[in-house]
Amino acid sequence: MDDDLDDYSSRVLDVVDAIPPGQVMSYGDIAEYLEAGGPRQVGRVLASYGGAVAWWRVIHADGTPAPGHDAAALENYLAEGTPLRAAPHIPPGRPVRVDLRRARWSGQR
DNA sequence: GTGTTGACAATCA
DNA sequence: CTGATTGCCAACA
């Protein structure tokens, strides 16, 4: 089955896929959780193979979603019930911000 | 082998 | 809050 991915990439995708709805993890958190690589490596993996996982559940340490489709991420957050730190009416030019205070998932809870 | 780039993070101004 | 700077780690030319 899908052993085409590297060991590290497979692990990252596994963690992202393990994030429950309504929760999110920052790139650095995933790297720390895996005790390997760094936030940049996690971003690289998602940029290459993230199309198979809920990449919108992986965001920056500031609470801002990844580029490419921030609007899609917002739709997902509203659908999943992710704690956002902004009104449902987001005017253009306003970066979406997730309430990491509550949405941060420690891989265990 | 060296230099640059990148879906990052933390600190300082 | 925004912008600039530095550090970290791996992939890529």
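Since this is a predicted model, take the numbers as computed values, not measurements. Note on naming: letters A, B, ... go to the chains in the order of the sequence lines (proteins, then strands), and numbering restarts at 1 for each one. FYI, side chains are in, hydrogens and waters are out, and symmetry mates aren't considered; it's all heavy atoms of this structure.
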> Can you pull the side chain to side chain donor-acceptor pair (under 3.5 Å) pairs that have at least one residue in residues 11-20 of chain A, sequence neighbours excluded?
A:D7-A:R11
> By side-chain hydrogen bond (donor to acceptor under 3.5 Å, both in side chains), which residues pair with A:R40, not counting sequence neighbours?
none
> Could I get a table of every N or O pair under 3.5 Å where one atom is in the protein and the other is in nucleotides 8-11 of chain B?
from, atom 1, to, atom 2, distance (Å)
B:dC8, N3, A:R40, NH1, 2.6
B:dC8, N4, A:R40, NH1, 2.5
B:dC8, N4, A:R40, NH2, 3.4
B:dA9, OP1, A:G28, N, 3.3
B:dA9, OP1, A:A61, N, 3.3
B:dA9, OP2, A:A61, N, 2.8

> Quick one: side-chain hydrogen bond (donor to acceptor under 3.5 Å, both in side chains) partners of A:S26, sequence neighbours excluded?
A:D29
> Main chain of A:A36, side chain of A:Y8: is a donor-acceptor contact present, judged purely on distance under 3.5 Å?
yes
> Any chance you could measure A:I30, atom CD1, to A:I19, atom CD1, to the nearest 0.5 Å?
5.0 Å
> Could you check if a side-chain atom of A:H60 sits within less than 4.5 angstrom of a side-chain atom of A:P39, using non-hydrogen atoms only?
no
> Please name all residues satisfying ring-ring contact (aromatic ring centres under 6.0 Å, His included) with A:Y77, sequence neighbours left out, ordered by chain then number.
none
> If you walk 5' to 3' along DNA chain C, what is the first nucleotide with an atom under 4.0 Å of a heavy atom in chain A, and what is the last?
C:dC1 to C:dA11
